[in-house]
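Residue numbers count from 1 along this sequence. Because the structure is a prediction, the values reported are computed rather than measured. Indexing begins at 1, ligand by ligand and atom by atom, following the structure's order.
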Amino acid sequence: MPETVTPTSNLAAASSTVSAARRLDAIAQIVAASRDMPGALLPILHELQDVHGYVPAESVPVIAQALNLSRAEVHGVITFYHHFREHPAGRHVVQVCRAEACQSVGADALVKHAERTLGCSMHDTTADGAFTLEPVFCLGQCAIGPAVMIDDRLHGRVDAARFTRLIEGLRDAMRAEQNNKNAVEASV
Ligand code: FES
């Protein structure tokens, strides 16, 4: 029996095709802008992640072709560096330093606390998409470890209590934002 396609689903499919095409164009532009520089692969991956928040899977064949590499080689570099994400990040990115100086002052315990507080493991995103938890290896704050970066903001001497306060502050802000949004929608 033929599948029934409603006009709404046709529109949705068309719009997602357009946005996929736009994204592919944006990827191609980033690759073209850097492909001729020496060691182009890493700058391209950084730029893709800066623009998209992660390295989209569809960029791998584009990069491979432009740099004359195999897809496996490109994918190998993406997975080798912890910095690169293969999936979109959550609303807030929480990075806990796992390098030596921070480890010596309690980073391991802080990681466990972070996983419990957020309800997700390292490299994962919370079910509500609010937080992504990632390890990082030195934030340049070795004298004031354990160090944490949340989005673009550095925090030193972060113990469990301070970590909880930082996360609760962000949760409160997100709740307030959602309440405002609901109030505006209700008033229209
Ligand atoms: S070791 Fe953690 S900031 Fe340098």
Would you say the side-chain atoms of Thr125 pair up with the backbone N or O of Gly129, donor to acceptor, closer than 3.5 Å?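 No.
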Kindly say whether Arg153 contributes a backbone atom to a donor-acceptor pair with the side chain of Asp151 at under 3.5 angstrom?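 No, because the side chain of Asp151 does not come within donor-acceptor range (under 3.5 Å) of the backbone of Arg153.
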With sequence neighbours left out, what residues match [X] under ring-ring contact (aromatic ring centres under 6.0 Å, His included)?
X	result
His82	His123, Phe137
His83	His46
His52	none

Could you enumerate the protein N, O or S atoms under 2.8 Å from atom 4 (Fe) of ligand 1, written like residue then atom name? Cys138 SG, Cys142 SG
For His155 and Gln141, which I'm curious about, is there any donor-acceptor pair between the side chains at under 3.5 Å? no
